[in-house]
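Numbering of residues begins at 1 and proceeds along the displayed sequence.
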Amino acid sequence: MKKFLTLACATLLTPALAQGAFQLDSRYQDKDGDLIADIPSAESELIDPSTLIFAYTPVEDPAVYREVWSEFLAHLSDVTGKRVQFFPVQSNAAQIEAMRAGRLHIAGFNTGSNPLAVACAGYRPFTMMAAADGSFGYEMEILTYPGSGIDAVEDIRGKEMAFTSQTSNSGFKAPSAILKADYNMVAGEDFEPVFSGKHDNSILGVANQDYQAAAVANSVLNRMLRRDVVSEDQLVSLYKSQTFPTTSYGLAHNLKPELQQKIQDAFFSFEWEGTALEEEFSKSGEAQFVPITFKNHWEVIRKIDSANGVEYNCK
C-alpha cells in the first residue's frame, strides 16, 4: 500500500459559512454589479502600454515558469501587437501591489488572492485552466509524513502546522475555516502555525520532515510528484477538501477595451498541443483555457473569507 493516501475527506461548506459583503476599493466602480471593477469610461483614465507585463502566481521557481509561459507570451505578443515581458513575482502581496500601482497588466492570481486582487487592484479575471472535458479545480490537502505521529487531523493539536501565506485559499484560508468548523482547532491556540511562503516549500518541508504537517493545493503537489521532486512514499494525506477553482487569469481594469479584448482572444485562441505550457500543466490534468466569472466561480472562496472574518482593506 502506498504511503500517500487519503485518510479523511471533506464535507462541503455549509450555509453557515454565509457570504459576507464583498466591496471594491473606492477607487473602482461596479455599476453593472458583476463584483469586478468597471473599465473606465473616460479616455484619459485608460492606458495602452507599448510593453505588456505578465506575471504568474508565485507558486514555484519563477525561472521554471518563465520558460513554461514563453510560447504563450509569444502568441500573446502576436495577437496584441505588443511586446510582452514576464515578471517573476516573489509573493502574492507583491503581485497585487504591482497591479494596483500600474506596473502589472496581465496576471494569473492564485485562488485565495483573487478577492483581494479584485477588490484592491482592479483585477478583472476572465479565464482559468481546465481539463479537455471542461472540468476544473483542485483540492486542499493536509499532509504529514510517515512516522510523524500524526495519524489523523485531530493529532495536529499541540503540534506545528505549515501554511503558505495568508492570502492563499488552500494554503491558509480554507484549512483555517475547516479546522475551526470541523475540528474546533484554531491556529495559535490549538497548534503552532508557521508560514513557508509557497506551496512547494510546504510540500518539500513535509517530505524532508522539516514540517510535521502542512496545508497545500494538490494541483502543485501533483506536478511535483510527476516531476519526481518528491515521492509518494514521503507523504501521507490526512484530509482532502471539496474542489475549488484554480488560478484565474485576468487584466488590469484600465487597459483600453480593444486591448482587453485582444488579450482575451489570445488566451482562448492559444494552441496548447506540443507547447511547454501543455507539458507542465497536463501534469495536473489541464489542457485549455475556459471562461469564468468572479461573481459565480469565486462564490465559495468569498464564503471561506467570510467564515474567516476576512476584510479587504486596501492600503
Side-chain angles (χ1 to χ4, degrees), residues 1-7 10 55-70 72 86 88-92 95 108-113 128-131 135-148 150 160-165 167-175 194-241 243-248 272 275-287:
M1 180 182 293
K2 292 180 178 179
K3 293 290 187 180
F4 183 72
L5 73 166
T6 301
L7 300 180
Y56 178 57
T57 181
V59 175
E60 299 177 67
D61 184 357
V64 171
Y65 282 88
R66 185 191 298 275
E67 180 60 29
V68 165
W69 285 97
S70 60
F72 172 80
F86 184 88
V89 293
Q90 298 297 324
S91 70
N92 296 319
Q95 189 180 22
F109 279 99
N110 72 16
T111 303
S113 65
M128 67 179 166
M129 293 180 181
S135 61
F136 59 83
Y138 72 97
E139 293 79 39
M140 179 275 293
E141 295 198 40
I142 298 176
L143 305 178
T144 188
Y145 55 84
S148 67
I150 299 175
E160 178 186 88
M161 179 170 173
F163 297 108
T164 59
S165 69
T167 58
S168 173
N169 176 62
S170 54
F172 181 70
K173 294 178 180 180
V194 294
F195 288 89
S196 71
K198 299 179 182 180
H199 289 271
D200 54 329
N201 292 347
S202 289
I203 294 164
L204 284 168
V206 172
N208 293 324
Q209 303 185 13
D210 295 323
Y211 300 137
Q212 292 175 289
V216 302
N218 64 7
S219 55
V220 180
L221 172 62
N222 292 337
R223 292 199 296 270
M224 293 177 71
L225 286 167
R226 288 172 185 170
R227 284 207 308 265
D228 295 322
V229 178
V230 294
S231 61
E232 291 184 334
D233 62 3
Q234 292 178 285
L235 302 165
V236 175
S237 179
L238 300 167
Y239 188 99
K240 185 176 181 178
S241 75
T243 299
F244 299 120
T246 187
T247 297
S248 77
W272 284 56
T275 65
L277 201 70
E278 180 192 44
E279 181 181 359
E280 176 64 17
F281 287 98
S282 64
K283 296 168 185 173
S284 49
E286 291 156 327

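- Looking at every heavy atom in both residues, Gln95 comes nearest to Ala55 through NE2-O, 3.6 Å.
- The nearest pair of heavy atoms linking Thr167 to Asn110 is O-OD1, 4.1 Å.
- Among residues two or more places apart in sequence or in another chain, the side-chain contact (heavy atoms from CB on, under 4.5 Å) test is passed with Ser284 by Ser219, Arg223, Phe281, Glu286.
- Using a distance-only test at 3.5 Å, with no hydrogens or angles considered, a donor-acceptor pair links the side chain of Ser148 to the main chain of Tyr145.
- At a threshold of 4.5 Å between non-hydrogen side-chain atoms, the residues Glu141 and Leu235 do not count as touching.
- Once rounded to the nearest 0.5 Å, the distance linking CE of Met128 with OG1 of Thr246 reads 7.5 Å.
- Using modelled atom types, one side-chain atom of Thr111 and one backbone atom of Pro245 make a donor-acceptor pair closer than 3.5 Å.
- The distance from the CG atom of Asn218 to the OG atom of Ser237 is 8.0 Å, given to the nearest 0.5 Å.
- Here the side chain of His199 pairs a donor or acceptor atom with the backbone of Ala217 at under 3.5 angstrom.
- Residues that satisfy the ring-ring contact (aromatic ring centres under 6.0 Å, His included) test with Phe72, not counting sequence neighbours, are Trp69, Phe267, Phe270, Phe289.
- In this structure, the ring-ring contact (aromatic ring centres under 6.0 Å, His included) partners of Phe172, at least two apart in sequence or on a different chain, are Phe163, Phe195.
- For CD of Glu67, the number of neighbouring non-hydrogen atoms (other residues, nucleotides, ligands) closer than 6.0 Å is 12 at most.
- What you find for Thr243 and Phe136 is that their closest heavy atoms are CG2-O, 3.6 Å.
- In this structure, the side-chain contact (heavy atoms from CB on, under 4.5 Å) partners of Ala174, at least two apart in sequence or on a different chain, are Asn169, Phe244, Ile304.
- The side-chain heavy atoms of Val220 and Ile203, taken from C-beta on, include a pair separated by under 4.5 Å.
- Contacts of Asn208 classified as side-chain contact (heavy atoms from CB on, under 4.5 Å), with partners at least two apart in sequence or in another chain: Leu204, Asp210, Gln234.
- Two residues are said to be in side-chain contact when any heavy atoms from C-beta on lie closer than 4.5 Å; Pro58 and Asn92 meet this criterion.
- With Ser282 contributing its side chain and Glu278 its backbone, the two residues share a donor-acceptor pair below 3.5 Å.
- Closest approach of Pro88 to Arg66, counting heavy atoms only: CG-NH2, 3.7 Å.
- Distance OH/Tyr56 to OG1/Thr247: 4.5 Å, rounded to 0.5 Å.
- A distance of 9.0 Å separates CG in Leu143 from CE in Met161, rounded to the nearest 0.5 Å.
- Side-chain contact between Ser241 and Glu139 is present, with heavy atoms from C-beta onward closer than 4.5 Å.
- A heavy-atom distance below 4.5 Å is found between the side chains of Leu225 and Glu232.
- By the side-chain hydrogen bond (donor to acceptor under 3.5 Å, both in side chains) test, Ser196 is found to be paired with Ser202, residues two or more places apart in sequence or in another chain being considered.
- Nearest heavy atoms, Val194 versus Tyr211: CG2-CE2, 3.9 Å.
- Of the possible donor and acceptor atoms, one in the side chain of Thr144 sits under 3.5 Å from a partner among the backbone N and O of Gln212.
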